[in-house]
**Q** 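Encoded as structure tokens, here's the structure I'll be asking about.
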Amino acid sequence: MPIWIDEVLSGRKIPLETRDPNRVGMYVCGVTVYDRCHIGHLRSMLSFDALVRYLEYQRYQVNYVRNFTDVDDKIIDRAREIEAGRDGDWRRAERYATFTEKDWALRDADDAEIRTRAASTDKPVALVVSEYFIEKFQEDFSCFAMRVPDVEPKVSDHMPQIVEYIGRIVERGFAYEAGGDVYFDVAAYDDATHAYGKLSRRDAAAMLEGARVSPTERKRNGADFALWKAKKPGEPAWNSPWGPGRPGWHIECSVMSTQYLGTTFDIHGGGKDLIFPHHENEIAQAEAECGEPFCRNWLHNGFVTVDGVKMSKSLGNFLSLHDALGLALPEVWRFLVLSVHYQSPIDFSRTRVTEAGERVRGSVDVAAERVQYFYQTLERADEALAGREPDPEAPLLHTHVAGRLEERFCEAMDDNFNTAVAITLMGEAARAINELVALKAKEVKKLGEASVLRTLHDLTSGLRGIASVLGLLTETPGAFLDRFRAHELGKRRLEAAWIEQKIAERGAAKAERDFSRADGIRLELDALGIELRDMPGRTAWDVRV
RNA sequence: GGCGACAUAGCCAAGUGGUAAGGCAGAGGUCUGCAAAACCUCCAUCAUCGGUUCGAAUCCGAUUGUCGCCUCCA
């Protein structure tokens, strides 16, 4: 069965075809490391992580490359701001208008650390900035258990290759030097190939027509873009035939992707916002350089929105990964991301009360509850199965679910990686598990004890199996649920020991059949968001999300 | 202004020609000292209008609305 993908270059749903039927070469645009990451980055990383995991589950050998753009205008800007210090005018720039005190605290702490590091090295501050944020990237993402890319190339490590690559584009007549800069010649390229704009579906002629060459500009055409930028004072620079300078944005991805994956590699991914100009220009550069098709399959993930508006730096409505982890556990974020199809927007929200007084659950909180539900389900199943050996010959119950879980999972994932449907299937399995666990002895007897046991066993391992392909439900329930409760309690500044003590008091009251006192304690805890569940012999508790 | 996407129940969200998955919220029920959890049942004809078709949420056109890209962005 082929995997069907909604491919952006062709604009259609096509079966995934790879150069080698058993291998996939995949390049995903990573981050430009000039600041902390936010949940938009997280979404992109997790979406493609799930994709890689599924491909590997389908026995593809995936060569996964994800870059760091560590030489860039924004990084240089950040370095300048750090050098200007905390009292610099930059602080009043419009892009910081939405910064809160908390944002500034983190920002200042990062800047101070970078300043300290820069003081003890000869390196340009800009490179210290990028090194620092690569470190932060690894730290912030480490808890998400993502499939580690096979290569994480950095621009600064590929200068000779980039310079040579640009040289070949110039030689072929698709780029020109102007005052130490080198620009890609969109007109020349489009004349030769009629291909400029093919990814983003733009009309190259119209773009060229609309643009004017201003006398101060070095560009021949407004649509041209820099492959190499001549050094300006205070900027990091590398040598090149055109003088000292640095690469423009876009060229690094063409160079590094083809270096590690070859020309015409299989999958190129990134956020939708990269389609133009970044990916369009990557294609133009790469195909200008070698005359061969660049990448066959282009996949783009949708945005994260906040209150329906795209989350972006300039709007100041972004949630940093750092803050995100304070709100919910990594697995909850993974669940939230995968519960929406990768191409659709995800609206991030927290639980709020409307003007009408209605409580509307936020997407993160709903995700947290679902993850909790799944682990609680597994915990019940594990308990029910403990020390019992299922008979694989016993007739299966719930055959639509139990017998077809993996098959239906593959159907969903083969259809353009529909993780949303995959998660629905997980829900079906969990419901069936709960139903079996809750059966009474009489009902078990009627259905056949061996059948119940076997079905429960199959469902549980099946659920774990498909979930783990997506990087979900891989922990032991106890470990996860403990952490989950600790996290929720932490948000509310409550202590588990205090709650346990209250529960003990209530237990004593119950033993004396003093139900009004017992109920009083229940209400007291309930008001704090603690829910009690009386079970045979003990009282369990949960934190309401 | 140019290009593009989307519009599914109170909220979130699958579904690209055959008669609307799932989740949250809500209602009823089983269970319970009372609860909770879990499970069961109920809860939409798919923005509007027109067209193609035996048949459309799914295709085409128009309208309205929302959003994105065109400048940095996952």
Side-chain angles (χ1 to χ4, degrees), chain A residues 6 11-13 28-32 34-35 37-48 72-74 77 95 197 200-203 206-207 210 223 249 269-278 280 300-305 308-315 318 336 339-341 343-347 349 351-352 354 356 358-363 365-367 369-370 372-373 376-377 380 412 415-416 418-428 430-440 510 513-516 518-519 522-523 526 530-535 539-542 544:
Chain A
D6 192 354
R12 4 180 134 223
K13 205 175 225 183
V28 172
C29 281
V31 297
T32 300
Y34 66 96
D35 204 353
C37 286
H38 52 71
I39 59 173
H41 297 111
L42 178 66
R43 201 242 169 127
S44 183
M45 301 298 124
L46 286 176
S47 297
F48 288 105
D72 179 85
D73 292 357
K74 300 213 117 190
D77 288 346
R95 65 178 174 279
S200 55
R201 284 162 224 294
R202 264 157 234 262
D203 181 16
M207 291 176 71
W249 186 42
K272 269 188 160 71
D273 49 346
L274 296 179
I275 294 174
F276 190 90
H278 188 54
E280 192 69 61
H300 295 96
N301 64 272
F303 298 127
V304 175
T305 62
V309 181
K310 178 189 166 186
M311 192 175 75
S312 73
K313 287 264 150 137
S314 49
L315 292 174
F318 63 93
L336 173 60
S339 64
V340 179
H341 187 92
Q343 292 172 309
S344 304
I346 293 183
D347 196 52
S349 60
T351 296
R352 64 194 164 83
T354 63
E358 196 189 2
R359 189 157 162 267
V360 178
R361 307 290 281 132
S363 53
D365 301 308
V366 170
E369 275 177 352
R370 286 303 281 174
Q372 185 188 33
Y373 165 83
Q376 285 173 337
T377 299
R380 285 188 279 263
D415 184 9
N416 197 23
N418 198 330
T419 56
V421 168
I423 282 178
T424 294
L425 295 172
M426 285 166 52
E428 278 187 33
R431 196 164 54 196
I433 288 170
N434 281 314
E435 193 187 328
L436 292 175
V437 170
L439 287 176
K440 292 182 181 141
K510 270 176 60 179
R513 302 196 67 78
D514 184 353
F515 292 122
S516 67
D519 289 350
R522 179 206 293 293
L523 284 172
D526 187 73
I530 309 298
E531 279 173 358
L532 303 186
R533 292 204 310 271
D534 286 335
M535 298 161 74
T539 297
W541 59 275
D542 276 306
R544 204 185 301 124

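Chain letters run A, B, ... following the sequence lines, proteins first and then strands; every chain starts at 1. Since the model is a prediction, treat every value here as computed from it, not as a measurement.
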**Q** Under 4.0 Å, heavy atoms only, any strand: does A:S344 hit a base, just the sugar-phosphate, or nothing?
**A**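 The answer is sugar-phosphate, as A:S344 gets under 4.0 Å only of primed atoms, P, OP1 or OP2.
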**Q** Once you round it to whole Å, what is the distance between P of B:G15 and CG of A:D415?
**A** 7 Å
**Q** Base, sugar-phosphate, or nothing: which does A:M535 touch, judged by heavy atoms less than 4.0 Å apart?
**A** nothing
**Q** Give A:Y373 one of three labels, base, sugar-phosphate or nothing, depending on what nucleic acid heavy atoms sit under 4.0 Å from its own.
**A**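 Sugar-phosphate: the residue A:Y373, judged by heavy atoms under 4.0 Å, touches backbone atoms but no base.
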**Q** Rounding to an integer number of Å, can you tell me how far A:D365 CG sits from B:C11 P?
**A**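 Going from CG in A:D365 over to P in B:C11 covers 18 Å.
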**Q** Where the side chain of A:K310 is concerned, which of B:C69, B:A14, B:A36 is the nearest nucleotide?
**A**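 In terms of side-chain proximity for A:K310, the closest of B:C69, B:A14, B:A36 is B:C69.
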**Q** Does A:R43 reach a base, just sugar-phosphate, or nothing at all? Heavy atoms under 4.0 Å.
**A**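 No contact at all - A:R43 keeps every heavy atom at 4.0 Å or more from the nucleic acid.
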**Q** What is the base-pairing partner of B:C39, counting Watson-Crick and G-U wobble geometry with both distances under 3.5 Å?
**A**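 Check on B:C39: paired to B:G29, both distances under 3.5 Å.
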**Q** Please compare A:G30 and A:K510 by the position of their nearest nucleotide in RNA chain B and report the one closer to 5'.
**A**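 That would be A:K510.
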**Q** Between the base of B:C69 and the side chain of A:K272, is there a donor-acceptor distance below 3.5 Å?
**A** no
**Q** Taking any heavy-atom pair under 4.0 Å as a contact, classify A:T424: base, sugar-phosphate, or nothing.
**A**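 Base contact.
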**Q** Atom NE2 of A:H341 and atom P of B:U16: how far apart are they, to the nearest Å?
**A** 10 Å
**Q** Kindly state whether the pair A:F515 / B:G33 counts as stacked, where counting means centroids closer than 5.5 Å and planes tilted less than 30° apart.
**A**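 Yes, A:F515 stacks on the base of B:G33.
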**Q** Using the P atoms only, state how far B:C40 lies from B:C46, rounded to an integer number of Å.
**A**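 Comparing P positions in B:C46 and B:C40 gives a spacing of 29 Å.
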**Q** Looking across every strand, which nucleic acid part, if any, lies under 4.0 Å from A:G40 by heavy atom: base, sugar-phosphate, or nothing?
**A**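 Here A:G40 touches the bases of the nucleic acid.
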**Q** Check every strand shown and say whether A:R359 touches a base, only sugar-phosphate, or nothing at a heavy-atom separation below 4.0 Å.
**A** nothing
**Q** Base, sugar-phosphate or nothing for A:N418? Non-hydrogen atoms, less than 4.0 Å.
**A** sugar-phosphate
**Q** Out of B:A74, B:U16, B:A35, which nucleotide sits closest to the side chain of A:L274?
**A** B:A74
**Q** Base, sugar-phosphate, or nothing for A:G270, non-hydrogen atoms under 4.0 angstrom?
**A** sugar-phosphate
**Q** For A:E428 and B:C40, give me the distance from atom CD to atom P, rounded to whole Å.
**A** 11 Å
**Q** Quick check for you: among B:C73, B:C34, B:A14, whose closest atom lies nearest to any side-chain atom of A:D519?
**A** B:C34
**Q** Could you identify the nucleotide paired to B:C49, looking across every strand shown and requiring Watson-Crick or G-U wobble geometry with both distances under 3.5 Å?
**A**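 For B:C49, the partner nucleotide comes out as B:G61, under the 3.5 Å rule.
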**Q** Base, sugar-phosphate alone, or nothing: which one does A:R513 contact when heavy atoms must sit under 4.0 Å apart?
**A**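 Nothing: the residue A:R513, judged by heavy atoms under 4.0 Å, touches no strand.
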**Q** In this structure, how many angstroms lie between the C1' atom of B:U71 and the CZ atom of A:F276, rounded?
**A**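 In whole Å, B:U71 C1' and A:F276 CZ are 10 Å from each other.
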**Q** Have a look at A:V437 and say if it touches a base, only the backbone sugar-phosphate, or nothing, with a 4.0 Å heavy-atom cut-off.
**A**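 Since no nucleic acid heavy atom lies under 4.0 Å of A:V437, the category is nothing.
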